[in-house]
There are 2 protein chains.
Amino acid sequence: MLPDVDHGRFPAKRVVGESVTVEADIFADGHDTLAAVLRYKLKDAKDWTDAPMTLLVNDRWAGEFPVTELGRYVFTIEAWVDHFETWSRQLAKRIAAGQDVKVELELGARMLEAAAARADGQTPDAARLLAMSRSLRAGKSKDLDGQASALMRRYADRSLATHLGREVEVLVEPVRARFSTWFELFPRSAGTLKDVEKLLPDVAEMGFDVLYMPPIHPIGLAHRKGANNQPAQKGEPGSPWAIGSEEGGHKAIHRDLGTLADFQGLVKSAKALGVDVALDIAFQCSPDHPYTREHPEWFKHRPDGTIQYAENPPKKYEDIYPFDFETEQWRELWSELLSVFVYWAEQGVRVFRVDNPHTKPFAFWEWTIGELRRKYPDVILLSEAFTRPKVMYRLAKLGFSQSYTYFAWRNTAYELYQYFSEITRPPISEFLRANLWPNTPDILTEYLQTGGKPAFQARLILAATLGASYGIYGPPFLALEGRALKPGSEEYLDSEKYQAREWPRDDGMRELVTIINRIRRENPALQSDRGLRFHLTENEQLLAYSKATPDNENVVLTVVNVDPHHVQRGMVSLPLDELGIDSDRPYQAHELITGARYLWSGPRNYVELNPFSMPGQVFRFRRRVRTEHDFEYFL
Amino acid sequence: MLPDVDHGRFPAKRVVGESVTVEADIFADGHDTLAAVLRYKLKDAKDWTDAPMTLLVNDRWAGEFPVTELGRYVFTIEAWVDHFETWSRQLAKRIAAGQDVKVELELGARMLEAAAARADGQTPDAARLLAMSRSLRAGKSKDLDGQASALMRRYADRSLATHLGREVEVLVEPVRARFSTWFELFPRSAGTLKDVEKLLPDVAEMGFDVLYMPPIHPIGLAHRKGANNQPAQKGEPGSPWAIGSEEGGHKAIHRDLGTLADFQGLVKSAKALGVDVALDIAFQCSPDHPYTREHPEWFKHRPDGTIQYAENPPKKYEDIYPFDFETEQWRELWSELLSVFVYWAEQGVRVFRVDNPHTKPFAFWEWTIGELRRKYPDVILLSEAFTRPKVMYRLAKLGFSQSYTYFAWRNTAYELYQYFSEITRPPISEFLRANLWPNTPDILTEYLQTGGKPAFQARLILAATLGASYGIYGPPFLALEGRALKPGSEEYLDSEKYQAREWPRDDGMRELVTIINRIRRENPALQSDRGLRFHLTENEQLLAYSKATPDNENVVLTVVNVDPHHVQRGMVSLPLDELGIDSDRPYQAHELITGARYLWSGPRNYVELNPFSMPGQVFRFRRRVRTEHDFEYFL
């Protein structure tokens, strides 16, 4: 059955306005006709609604239901032998063979009468059934029409129906959980939260709808880190992830950034522009965090009595104390951490990026996210777990709305094809929504370090068109910052993690970002990952893929040259039938970045991509091209 | 997890002497080392045995356990964070980095002490752990050797272990459920059961180990069918599947065939030759069956009071009354039908071929087979359900040991490749064992009708080497009978279903059958479907596949020309590494039908198959060919 995440252990995911298509194998012994319904409701509602299921092929049935509200839906399946349909199908064959059907008509009449009894109180229907029954007894089988089937299904005897025997959950989230465009910046590089507020119109104009800031809390002094991850000199600001000082912890704002009122103002101004402010939830403490004094029992202690700092032996991170989630006082600790989410939700925050969730217990996330979503069903949580695939998948199943992926390290066409074929299809697509980042403060890939502007352009186009959600660590991306701390490292030189930076406004990326984000807004096909299909290019440096809405009303083809150093050309093959394009007539390929229009015909078409002008093209298809038949006198 | 048939709803299947390899995703948050065990037992036993699981790759773990007795085993999985291994791995890194490890040694010492406490009563182990603990406190970490890990795992603290939370069943059947060679004949064509007994040495000599006879019960007179499915003339014997007359029903023997004593004698003589007599269980009645008089309530009645005959509208089968399995008296009916199996089991029958199980309720089979197997855990049941794939699969899941397949209608190389790739791999291979029949009394395929002797030879070789179990409807197969009732029909002309036939002893097939069955007995690779792999041939008329034992000790390659009309030739490509063959040295391909030996080298080798001499070849590989290094003075 689909969807059915780990046999119902976890909910499938949808967003408001989508539908849930359920597929199941439904069969019985013998050759009787079956009937099946999908039954669904909001989890806490009382009454079920039935949606019909129909046979696809090979005993596979499908049905669907819409999800229109945030929260949890449940569905189940009920199927039964449809004796009336079986009888009706066989009757037709008997009549066609010229057999005496007197006995069969009597059997049918009895079924109609029984249904009439079940329709008791619904007088018109019962009367209609009884009338048909009388017709049969009078030998007039033709008086049964399509309505008989519909009526008999409505009043079917389902007392012997087979039930799925369990309720499968569907978690329904806001549309932005599926389609979002993130811009990350360090607020201290802008100055204060008020300065960030001034950047909002610019961010919104570029087409971003989530503004994500690393932690904004007070930063510890003990073992503080300075520029390029060296011990801090006096006056250096430290890493925002070393959370907590005498000023406060996870619910406080760093005094250099401003006040709670400033923050509330920022959130409000952003909302007015359609932008969500996303906070970073990093559940760890600097040694100066108030928790370390007020709740030493929430931390592990070494035999010498000191609190255990974070480490990945032999590396030590003495500026960070991890929580001991399995402490005897875990209930208090977990409640407090939940209250951190709730505190910021109360300030209007609905989007959270969660730092390293894979180093905290699965059970903690399932409980915390469940509780948070009960209060705030519109929260969106992005899981920052760069770890093994199955752990990433588990976190998604536990309730994270979106997940960082390995996108940053998938740079060849084949790698991208493989990886996105895997994660955008069931079963993974039922619970995981990818959020694609070409760069983050921790990840400056070798591709970006060595590929120059074409590499940034290609990665932007890929992220924004492969993923319905994507994000950039904005200022250095716009500035084409490609300098690493040292060869072989993915750390930025002079990383903003340890120091404020001033960034040039941009280096020609701003325009492309703005165009690409507009294309995303204008093309619903790009707002979901469900319709993703890869296409043959006959050149291994060219990656081609399309996305389409389920009705094929909007079809967008992207072709990217993943080689940032050379012109690449090749033929792109499209499955025109699947894309709803008439293969007998030319069709228009409208290139949305440049605005150029091409006339294509047939499934194979030529593309040539020069990375030094633009490494990618995004085409929208117009199915039909005008011909003389479009003139009025032909109509 | 594998095996896990429908999330544990049905058991996986094995035979005595096999092992069960269990694979599962096992992971935790964080980066600690894990430990896992597979726990298993006979279902009714009290104590569990642990078998270690080891990490394969990508959080996938595997373990295995042997099944040595008939009946039901259960297994489950337990996994936990191995704190000692984690500590030990990190300690090595710390020491390598030259860090002060005093505190870590203390932590390790405490873990050893705690384990010693858990080992209480096992004095030598506890003493050893305590000694190691003292060594650590003395700073001597080198005193920990491989034994520490093993001991610490033995006394691991599993109080916080994660459990699978359910017990997964494995049904263990006799070896013959996996590896069997069937010969079907109509006893009345031989004469009596005593005459059949005289044929036994011949059947055994040809290498068959199951002798299967269509129903041997009294045959009804009402609407009896005669030659070629016409209404019977006086004196015609009728179809053995029209079971029951005044003489008796499913527990009686047709008087023309002999007595119960004759039958018991046949079973006994067969056993002495290593042959099982298989009976046909067809749960349906002729209108003359005693049940119709004694238990009319076990049948459906028409409005006119008559019993409902079988039909597939507009076709009527008035010589057959199906049972009404959903009658009010279903308990009595089901019990009686179970008693039919039990009756014949009491006469020594252990192998049953079940006619059309897909037209009886699934629940009936699950209950009946379960009860039967409780009394006779060594029964083998072959499901004759030529119906939709999912219904066939369900019947296998419900307990049938073997299943007829679509083999008869898979005649091109690609069809065979596709179909057998599907059914011999998980998940299907966990519950379904194919039994391959080139022909049956109901199925004379067009391939056999038109292909002549090469077609019979090719189908025999395919059935016997693709399937660990196969069977032939023997006399007409040996006689190369290819005449159908009419064009487009798969019915035999003058079918034995309606009349006795005399068959010529054979037409040259007997020798090939005997050789092929000997090859099957001598090559364990052919006695299981697990090691089946298909290979490229560069000719679509040539099908090549190999079977190998898990240790690659026995590797058998079969190449068949599926075109019965033309010589076909091509290169066969073998994955030498997977087959355990040294690719740098020549190897011997011993063709087992003709006895010819070829020297092959490298993965690609030439084959040419002339259907008019022999359409298939079966090679056994000798890994090494003698060279001068084999002379004594090189050793």
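Every chain is numbered from 1 and lettered A, B, ... according to where its sequence line falls, protein lines coming before strand lines. Please read all numbers here as calculations on a predicted model, not as lab measurements.
A/A385 does not touch chain B: none of its heavy atoms, backbone or side chain, sits under 4.5 Å away. For a residue to count as touching a neighbouring chain, one of its non-hydrogen atoms must lie under 4.5 Å from one of that chain's; by this rule B/K316 touches chain A with the side chain only. Neither the backbone nor the side chain of B/A92 comes within less than 4.5 Å of any heavy atom in chain A. Both the backbone and the side chain of B/Q90 have a heavy atom closer than 4.5 Å to some heavy atom of chain A.
Between A/V22 and A/M53, the shortest heavy-atom contact is O-CE, 3.7 Å.
The most heavy-atom pairs under 4.5 Å with chain A, out of B/Q99, B/R60, B/K102, B/H31, come from B/Q99. Top candidate by heavy-atom pairs under 4.5 Å with chain A, chosen from B/P303, B/A97, B/P357, B/G30, is B/P303. Between chain B and the options A/I95, A/L395, A/V103, the largest number of non-hydrogen pairs under 4.5 Å is found for A/V103. Ranked by heavy-atom pairs shorter than 4.5 Å toward chain A, the options B/D32, B/N58, B/L91 are led by B/N58. The greatest number of non-hydrogen atom pairs below 4.5 Å with chain A, out of B/K315, B/E326, B/E106, B/R110, is found for B/R110. In terms of heavy-atom pairs under 4.5 Å with chain A, the best-connected choice from B/D25, B/N312, B/T387 is B/D25.
Put simply, the residue from A/V81, A/D82, A/T86 that forms a side-chain contact (heavy atoms from CB on, under 4.5 Å) with A/L34 is A/V81.
Here A/K300 contributes atom NZ and A/Y321 contributes atom OH; the two are 14.5 Å apart, rounded to the nearest 0.5 Å. Rounding to the nearest 0.5 Å gives a distance of 4.0 Å between NE2 of A/H163 and CD of A/E78.
Note on A/E85 versus A/R89: no salt bridge recorded, every NZ/NE/NH1/NH2 to OD/OE distance being 4.0 Å or above. The pair A/E311-B/K93 does not meet the salt-bridge criterion, since no charged nitrogen lies less than 4.0 angstrom from a carboxylate oxygen.
The six-membered or imidazole ring of A/Y419 lies near that of A/Y406, with a centre-to-centre distance under 6.0 Å.
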